[in-house]
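The next block holds one structure in the form of structure tokens; read it before the comments.
What you see is a predicted model, and the numbers here were worked out from it, not measured in a lab. Residue numbering restarts at 1 for every chain, and letters A, B, ... go by the order of the sequence lines.
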Amino acid sequence: MAPRAAYYLSTPIYYVNDSPHIGHAYTSLACDVLARFMRLDGRDVLFLTGTDEHGQKVEKSAIAAGMETQEFVDQVSERFRALGEVMGYSNDDFIRTTEDRHTRSCQELWRRIVANGHIYLGKYAGWYSVRDEAFCTEAEVTDGPGGGKVTVTDGSPVEWVEEPSYFFRLSAWQEPLLEFYEKNPQAVAPESRRNEVVSFVSGGLNDLSVSRASLKWGIPVPGDPGHTMYVWLDALTNYISAAGFPDTECDLYRTYWPCDLHMVGKDILRFHAVYWPAFLMAAGVKPPTRVFAHGWWTNEGEKMSKSLGNVIDPHDIVERYGLDAVRYFLLRALPFGSDGDFSHRAIVGRMNDDLANDYGNLAQRVLTMVNRNCAAAVPEPGAFTPADDALLGAAEALVETVRADLGEQSFHRALIHIWEVVGQANRYVDEQAPWVLRKEDPARMATVLYVVIETLRHLAVLTQAYMPAASGRMLDQLGVAEDARTLAALGPDGRLAPGTPLPKPEPIFPRFVEDSAAS
RNA sequence: GGCGGGGUAGCUCAGUCGGUAGAGCAGUGGAAUCAUAAUCCAUGGGUCGGGGGUUCGAGUCCCUCCCCCGCUACCA
């Protein structure tokens, strides 16, 4: 038997200075759905997430909180782990940049880049924003209200810093990067983001400051402990640290690197699509296969911000709408890659129309009939008619379509395709009218009900990646064994066995009923 | 300023090679009654952002203008 094809995908590591919000939840959710789907498809998956714990900002926050820095990051990192539990993530690893394995990896990557002549000692002078962890050009700085200088973009204060610094020779990587994008058109997605990246690189690249002398909370530069690595070089390296680097001969590394997919928000695309491949190529390491930048959410049409106080906390919406509904909505509401709006009306529409009415009710109406008229067991089908074959054929063809959609991270399209079959099944039930057959032709009724529950088996197996809990309950009601819920079990060979006892059906997707007492 | 992406039914959006404008939701009418008052059927006279052009024929190609979004530059 051939070894299972490996699939390595990552979320960004989240900065511990932030509180987990819907943006973090969304990025990881997309990865989780992909990871689950790939596992169902028999792939050997490594799904990585974690936390970014270094930098001046963290150090200052710890002091402000009156805590030891390590104690502070331990506590905040835990919040991101907790988010994973609330959202049902199935990550295989959770890396923290304060771990030894990461320090070793970073330092070795640095040594290799130095050995190849791409890091040199220079001097940096400029405006530095502690909040943004970045130096700013003169054009990005303006006079602040309090007399000091602030950034133009978000008004965070900047301070003038002059210090010796190590530089990464990014300027030398312009051509290799352009060649990389050219040869690997799928390396940056979606298409519009790829254009932006190519355009940015074509415009010329400046060398990058990759160390800071004034920073203590970070990874020391090998051979020059007076310097600490620049936060992005540190953070990005987590992706190979988790793959066992620098031990490039270990199973982990040989199996999973290069990473198949880095999922990121559009704000950090440049770091992943430009700096990161350059760092790796400079060290003689293969760059990641693909970086996908998704969009932002607004809340009821408004940009989310701390000052507006309208930042969506994943815990709140999961509590209000339920995890399965939230997971479904976030990936169905908009084309993946675009910006989207989170509104109460929109999610309730999806919950009630798509989940409760179309999908949930399809299962309920058919399983109830089976329960009452087929001795609560999978019925014995007779010969299939063309109408039966049409529905079964559509259900069986779905796996190919969904695999292709998810292969290009088109989460919403996969759901649209699945729901086309949901609609087809509802129409089939109306046309066949098993409640009429019950009196006139019980054998035909049994066949019709069988065709629908067999269709439901396909639907439920496929929706597992998006809605693990609800889909699992549906598979329970269909009498599908735990070990028969993979994509390999789809198709005619895995059909439901007549006579299998079925439990009494219970509604799977609750309708959201507005609380009229409120307001 | 440059580059990229958009401007299509009340709302969210599809529209491959140019050939009588589509889907979902919402609305209206009807059927059915197995089901979570769920389902199914019927129903869209929209200047396809404005103007001009090419063509027998353009949402779909060309020119131009307006507006929105993203990336980026420069002036300062």
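The partner of U47(B) is absent, by the rule that a Watson-Crick or G-U pair needs both atom distances under 3.5 Å. For A38(B), there is no paired base (Watson-Crick or G-U wobble, both distances below 3.5 Å). Using N1 to N3 plus N6-O4 or O6-N4 for Watson-Crick, or N1-O2 and O6-N3 for G-U wobble, each under 3.5 Å, C74(B) pairs with nothing. Searching all strands for a Watson-Crick or G-U wobble partner of G59(B) with both distances below 3.5 Å returns nothing. Within the shown strands, nothing qualifies as a pairing partner of A32(B) under the Watson-Crick or G-U definition with both distances less than 3.5 Å. The nucleotide G10(B) finds its pairing partner in C25(B), both defining distances of the Watson-Crick or G-U wobble pair being shorter than 3.5 Å.
Residue side chain Asn361(A) reaches the base of A35(B) through a donor-acceptor N/O pair under 3.5 Å, judged by distance alone.
Looking at the side chain of Arg427(A), the nearest of the listed nucleotides A35(B), C40(B), A38(B) is C40(B). Side-chain proximity of Ile508(A) to the nucleotides C40(B), U36(B), C34(B) is greatest for U36(B). Listed candidates were C34(B), G4(B), C40(B). Nearest to the side chain of Ser192(A) is G4(B). Listed candidates were A38(B), C34(B), U39(B). Nearest to the side chain of Asp358(A) is U39(B). In the set U36(B), G70(B), G4(B), G70(B) carries the atom at the smallest distance from any side-chain atom of Arg193(A). Comparing A32(B), A35(B), U39(B) by their closest approach to the side chain of Gln364(A) singles out A35(B). Comparing A35(B), C71(B), U36(B) against the side chain of Glu196(A) picks out C71(B) as the nearest. In this structure, the nucleotide among U36(B), U39(B), A35(B) sitting nearest to the side chain of Thr368(A) is A35(B). Closest approach to the Trp435(A) side chain among A35(B), U36(B), U33(B) is made by U33(B) (side chain taken as heavy atoms from C-beta onward).
Considering Asp388(A), Val452(A), Asp441(A) as possible partners of Thr447(A), the one that fulfils the side chain to side chain contact (heavy atoms under 4.5 Å, CB included) test is Asp388(A). For the pairing with Leu40(A), the side chain to side chain contact (heavy atoms under 4.5 Å, CB included) check across Leu462(A), Leu490(A), Leu487(A) returns one residue only, Leu487(A).
Between the CD1 atom of Ile347(A) and the C1' atom of C25(B) there is a distance of 16 Å, rounded to whole Å. One interatomic measurement links the two molecules: CD of Gln432(A) to P of A35(B), which rounds to 18 Å at whole-angstrom precision. Atom-to-atom, CG of Leu178(A) to P of C3(B) comes out at 18 Å; the value is rounded to the nearest Å. Distance Asp354(A) CG to U39(B) P: 10 Å, rounded to the nearest Å. With rounding to whole Å, Tyr181(A) atom OH is found 16 Å from C3(B) atom C1'. Separating the CZ atom of Arg365(A) from the P atom of A32(B) is a distance of 15 Å, rounded to the nearest angstrom. The separation between Leu331(A) atom CG and U12(B) atom C1' is 17 Å, rounded to whole Å. Spacing between atom CZ of Phe512(A) and atom C1' of A38(B) amounts to 18 Å, rounded to whole angstrom units.
Between Asn357(A) and U39(B) there is a side-chain N or O to OP1 or OP2 distance below 4.0 Å. The phosphate of U12(B) (OP1 or OP2) has no side-chain N or O of Arg350(A) nearer than 4.0 angstrom.
Comparing Val429(A) and Lys266(A) along RNA chain B, the residue whose closest nucleotide (by nearest heavy atom) sits nearer the 5' end is Val429(A). The residue among Arg345(A) and Val366(A) whose nearest nucleotide of RNA chain B is located toward the 5' end is Arg345(A).
Side-chain contact check for Thr463(A) versus Trp419(A): some heavy-atom pair is nearer than 4.5 Å.
In summary, Asp353(A) and Arg511(A) do not engage in a salt bridge, as defined by a charged side-chain N under 4.0 Å from a carboxylate O. Under 4.0 Å is where a charged nitrogen must lie from a carboxylate oxygen, and between Arg290(A) and Asp260(A) no such pair does. No salt bridge links Glu163(A) with Lys123(A); every basic N to acidic carboxylate O contact stays at or beyond 4.0 Å.
Counted by atom type alone, Ser165(A) and Ser209(A) present one or more donor-acceptor pairs between their side chains at under 3.5 Å.
Contact annotation for Gly360(A): base contact, defined as any heavy-atom pair under 4.0 Å involving a base atom.
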